[in-house]
Amino acid sequence: MWQPISEHISQATGKPFVIEKTRPVSGGCINQGYALQGRDRTYFVKLNKASGVEMFQAEALGLKQMWATNTIRVPEPVVWGASGTNSYLVLEWLEFGGGQSSAWAEMGRRLARLHRVREEKRFGWEQNNTIGSTPQINTWENNWADFFARHRIGYQLKLARRKGGNFGDENEVTARVKSLLKNHQPQPSLVHGDLWSGNAGILENGEPVILDPAVYYGDREVDIAMTELFGGFSGSFYQGYNEVYPLDSGYSQRKTLYNLYHILNHFNLFGGGYASGVERMLRELDL
């Protein structure tokens, strides 16, 4: 398996790469992660089943788009493909450090600059990708309320029903979601899409970085909402963000709705332990 990957790296970079050592590292909940060490270079490799190659291709495309904005650091994708029973994504190796509050303030400012990128007038993306290992539907829509109700909450409710989750009538819930969002008309921003604390960090040189995206063009508030879902980011992060791009009024009400998407997804990925969280959010939102 490793030899075809090393050859692919050599072809892509134009520099011979011979693997001298491999060691397992954290690859998240969905993938296996490895460090590939050569004489003078190290790469980070994610592995999954061979069927995961489209997931990695979409992740690489998203990283390339974020990289091209020149706003916030992301791991640069090197190559991706399939070898035998495995699919793989090779990324540059990053060394993480601790990070002072000033670095997290800069993280906020740089994320705000990413969100100010205005390349699309619609909501969605050029292809479907994944949120964890769940398909994420990115069919283009002109209206944010329609997009979020149909392709985020509605789709997750369909999946949940197949897994035994009875969270109300799908049509009624999605109609209510549209009603909650009907007066909110955000500009489409390029969003990370899965921005919890495990997907953000500070490098040894103090530079902020975000990784493992599930990108699309959406309401920028979806990223900020998720940063508050599992413990929250440093207070300086939010201060930095608002210096550059202050949040719109009503965000505190919308964040629960936006995070419902992720809790539904966790139910679909990891099971019934998240059912109570889904039910609590539905009650809070009167859905």
Side-chain angles (χ1 to χ4, degrees), residues 26 28-30 59 62 66 72 74 99 104-105 107-108 110-112 114-115 129-137 144 147-149 151-157 159-160 163 165 167 173 177 180-181 184 186 189-202 208-216 218-242 245-248 250-287:
S26 174
C29 301
I30 305 302
E59 181 177 343
M66 295 170 76
I72 188 167
V74 296
W104 284 97
M107 172 88 75
R110 293 190 185 190
L111 181 68
L114 172 69
H115 286 166
N129 50 13
T130 55
I131 181 78
S133 59
T134 306
Q136 181 166 262
I137 309 304
W144 171 244
F147 178 88
F148 192 77
H151 303 309
R152 293 297 178 260
I153 301 301
Y155 182 74
Q156 289 285 346
L157 287 173
L159 298 181
K163 294 179 180 291
F167 301 124
V173 173
V177 170
L180 290 174
L181 292 174
H184 181 55
S189 295
L190 184 62
V191 298
H192 178 283
D194 194 12
L195 194 57
W196 67 291
S197 59
N199 287 343
I202 308 298
V209 62
I210 54 178
L211 55 152
D212 294 344
V215 303
Y216 62 99
D219 181 1
R220 65 192 176 108
E221 291 178 357
V222 300
D223 276 350
I224 304 303
M226 196 179 187
T227 67
E228 297 193 56
L229 184 56
F230 298 117
F233 283 25
S234 163
S236 58
F237 164 83
Y238 301 102
Q239 292 170 7
Y241 187 92
N242 279 288
Y245 201 176
L247 290 170
D248 297 329
Y251 161 73
S252 60
Q253 287 76 43
R254 288 186 292 270
K255 71 178 180 182
T256 300
L257 176 58
Y258 291 159
N259 283 337
L260 174 61
Y261 172 60
H262 297 292
I263 298 302
L264 276 166
N265 185 51
H266 275 63
F267 173 85
N268 289 320
L269 286 172
F270 306 119
Y274 287 93
S276 61
V278 173
E279 291 165 351
R280 176 185 56 78
M281 287 177 149
L282 289 170
R283 287 194 302 271
E284 184 177 337
L285 293 162
D286 194 23
L287 296 177

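Hydrogens, waters and symmetry mates are skipped; everything else that's a heavy atom, side chains included, is used.
- The backbone N or O of L247 sits less than 3.5 Å from a side-chain atom of N242, completing a donor-acceptor pair.
- Both tests do not hold together for R220 against Y241: distance to the six-membered ring centre under 6.0 Å, angle to the ring axis within 45°.
- The backbone N or O of V191 lies less than 3.5 Å from no partner atom in the side chain of S189, so there is not a single donor-acceptor pair.
- N129 places a side-chain N or O within 3.5 Å of a backbone atom of V215 that can act as its donor or acceptor partner.
- Residues P213 and M66 meet the side-chain proximity criterion, which asks for heavy atoms closer than 4.5 Å.
- Using a 3.5 Å distance cut-off with no hydrogens or angles, the side chains of T134 and Y155 do not pair a donor with an acceptor.
- Formation of a donor-acceptor pair under 3.5 Å by the N199 side chain with backbone atoms of I210 is not found in this model.
- At least one donor-acceptor pair closer than 3.5 Å links the side chain of N268 to the backbone N or O of Q156.
- Within the 6.0 Å centre-distance limit, the rings of F230 and H266 are counted as a close aromatic pair.
- Between L264 atom CG and K163 atom NZ the span is 12.5 Å, to the nearest 0.5 Å.
- Remark: T256 engages M281, E284, L285 in a side chain to side chain contact (heavy atoms under 4.5 Å, CB included) (not counting sequence neighbours).
- One N or O on the side chain of Y251 and one on the backbone of A225 form a donor-acceptor pair closer than 3.5 Å.
- For the atom pair CG of L260 and CG of L157, the computed distance is 7.0 Å after rounding to the nearest 0.5 Å.
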Worksheet item: How far apart are the C-alpha atoms of Y261 and Q136, what are their side-chain angles, what is the distance that settles it, and do they pass the side chain to side chain donor-acceptor pair (under 3.5 Å) test?
Response: CA-CA 11 Å; Y261 172 60; Q136 181 166 262; 2.7 Å; yes
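- Side-chain atoms of H115 do not come within 3.5 Å of backbone N or O of D219 as any donor-acceptor pair.
- To the nearest 0.5 angstrom, F233 atom CZ is 8.5 Å from I224 atom CD1.
- In this structure, the side chains of H192 and I72 stay at 4.5 Å or more apart for every pair of heavy atoms.
- The aromatic rings of F147 and W144 lie parallel to each other, their planes meeting at an angle below 30°, with 60° marking the opposite boundary.
- Contact check for L257 versus L181: side-chain heavy atoms found under the 4.5 Å cut-off.
- At distances below 3.5 Å, not a single donor-acceptor pair connects side-chain atoms of D223 with backbone N or O atoms of L195.
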